[in-house]
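A short write-up of the structure that comes next.
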There are 2 protein chains.
Amino acid sequence: MGRRREFDIEQALDAALCVFWRKGYEGASYADLTAAAGVERPALYSAFGNKEELFRKALQRYYKRFLHYMPEALTLPTAREVAAHILYGAVDLNTRFDDHRGCLYINGVLAGSDEAEPVRQVLIQGRAIAEREIRERFERAKAEGDLPETAKPDALAAFLMAVTHGIAVQAKAGFNRQTLEGVAEQALASWPQGRSPDTSAG
Amino acid sequence: MGRRREFDIEQALDAALCVFWRKGYEGASYADLTAAAGVERPALYSAFGNKEELFRKALQRYYKRFLHYMPEALTLPTAREVAAHILYGAVDLNTRFDDHRGCLYINGVLAGSDEAEPVRQVLIQGRAIAEREIRERFERAKAEGDLPETAKPDALAAFLMAVTHGIAVQAKAGFNRQTLEGVAEQALASWPQGRSPDTSAG
DNA sequence: GCGGTTTAATAATGGTCGTTATGAAACAGC
DNA sequence: GCTGTTTCATAACGACCATTATTAAACCGC
């Protein structure tokens, strides 16, 4: 009994998920959400509860629909395969959609309204400058023989920045110093070895 | 001529920097900023311009005061030392202050008002669950000999998550797929080798 | 002590936020 | 066709946001 719902509830949740993915939790306003879902505000409230509940439901949907590579990875036979599956799965998911890059978990907190976009650009640019300087330093190292001929300075610089970003996120999430030092140590374990500068000089 | 300023402008900027560090750009309101600086709104506006300019000045101060390990690193003799200095410098800075962990660049976009805190906790918790599952998988791998006895499952899991976080941040910043695959590849280059499951079975 | 000028504090502005009250419209059973 | 129930769209709510107009207070040279 009663008037029947005129919109597809699954479709509206997908639209909301997409908006959250793109703009983060706080960056997504009801103006954005209703525009994407093609549904007025009270309809979203009655269907999903308030904004926080809507986000949580979008999160569950995200997990079920896009994060399957995680449980998949855990079933693989070797630890290396587990790690590879997670890493390449993340790369794939994070670059799959041009209009909402990154992952919902990180973007959710890496939020921001449209007005704050210039500030985000400044921060992104700052990181890009740092990465370029590191890459140039590594190119010199390669020329000097400190890094082997096979080394890729741009990949090494990007890797270094990625680990640094990851450490920053984890620190914000409350990880202790010892754990993060372990992360740094592990990152260094893979460092390509060239001939030592001392050897070449002697 | 004219009334002299009653507050220390450097001290106010330090206070603002601290607030931005803790709450991010959008998460920091003028209520927070004035409370921390001990100065009324119009004073901040006349001294630093609007919020965006204030943030940019705080960013410059942050760079000068806390990011010195970056240019320092670039002067070291070997690429490995450069990388190590950056990584451990980041760990140190990100865990130095208990009341504002992480780095200003990441926190600046990893923003959020106080009301969004529960949502951030959900996201943090989600990542923590994923990390725990990975760690448990790696502990099994160690027991099975797939990871060597010297391997540290918790450090490996934390490292894996850090790289994944870093990839997500970089994807959001617009890095292309190929670059991120290079990051994943580099992360795998350090993977500790145990005896292969096939070898042990044969 | 009196203009001119800079800063201080109070309070108001317009806008946007998440949330909801309100009443019309669409259905079910009788 | 009427009653009861659910959904619809419009519009309003109070709270907070960044920004600024306004006025009082503190200083300079004279």
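In what follows, chains carry the letters A, B, and so on, assigned in the order in which the sequence lines appear, proteins first and then strands, with residues in each chain numbered from 1. Keep in mind that what you see is a predicted model, and the values were worked out from it rather than measured.
- One finds no salt bridge joining A:Glu139 and A:Lys142 here, because no Lys/Arg side-chain nitrogen approaches an Asp/Glu carboxylate oxygen to under 4.0 Å.
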Between the protein and nucleotides 5-7 of chain D, are there any N/O to N/O pairs under 3.5 Å, and if so, what are the atom names and distances?
| unit_1 | atom_1 | unit_2 | atom_2 | d |
| --- | --- | --- | --- | --- |
| D:dT6 | O2 | A:Arg3 | N | 3.2 |
| D:dT7 | O2 | A:Arg3 | NH1 | 3.2 |

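- Electrostatic pairing of A:Arg80 and B:Asp146 does not count as a salt bridge here, judged by no charged N lying under 4.0 Å from a carboxylate O.
- Proximity of residues 28-41 of chain B to DNA chain D (heavy atom under 4.0 angstrom from any strand atom) is restricted to B:Ala28, B:Ser29, B:Tyr30, B:Arg41.
- On the nucleic acid side, DNA chain C has its first and last nucleotide under 4.0 Å of a heavy atom of chain A at C:dC17 to C:dA28, going 5' to 3'.
- With salt bridges taken as basic N to acidic carboxylate O contacts below 4.0 Å, one links A:Glu117 and A:Arg120.
- B:Asn50 pairs by the side chain to side chain donor-acceptor pair (under 3.5 Å) definition with nothing, not counting sequence neighbours.
- In terms of heavy atoms, A:Ala184 sits closest to B:Tyr88 at CB-CE2, 3.9 Å.
- Taking atom NZ on B:Lys23 and atom C1' on D:dC17, their separation rounds to 14 Å, with Å as the unit.
- A 6.0 Å sphere centred on CZ of B:Arg61 holds more than 12 heavy atoms belonging to other residues, nucleotides or ligands.
- Regarding contacts with the backbone of D:dT19, a side-chain N or O of B:Asn50 is found under 4.0 angstrom from either OP1 or OP2.
- Contact record, B:Ala37 with B:Leu44: CB-CD2, 4.5 Å, taken as the closest heavy-atom pair.
- In this structure, A:Phe66 and A:Tyr62 have tilted ring planes: the angle between them lies in the 30° to 60° band.
- Comparing the local axis fitted to the first five base pairs of the helix from C:dG1-D:dC30 to C:dC30-D:dG1 with the one fitted to its last five gives a bend of 0°, rounded to 10°.
- In B:Lys57, the NZ atom is crowded: over 12 heavy atoms of neighbouring residues, nucleotides or ligands sit closer than 6.0 Å.
- Identified under the ring-ring contact (aromatic ring centres under 6.0 Å, His included) test for residues 115-141 of chain A, with sequence neighbours left out: A:Phe138-A:Trp191.
- Atom CD of A:Gln178 is surrounded by 12 or fewer heavy atoms from other residues, nucleotides or ligands within 6.0 Å.
- Heavy-atom minimum distance, A:Arg22 versus B:Lys172: O-NZ, 2.9 Å.
- Considering every non-hydrogen atom in both B:Lys51 and B:Ala28, the closest pair reads NZ-O, 2.7 Å.
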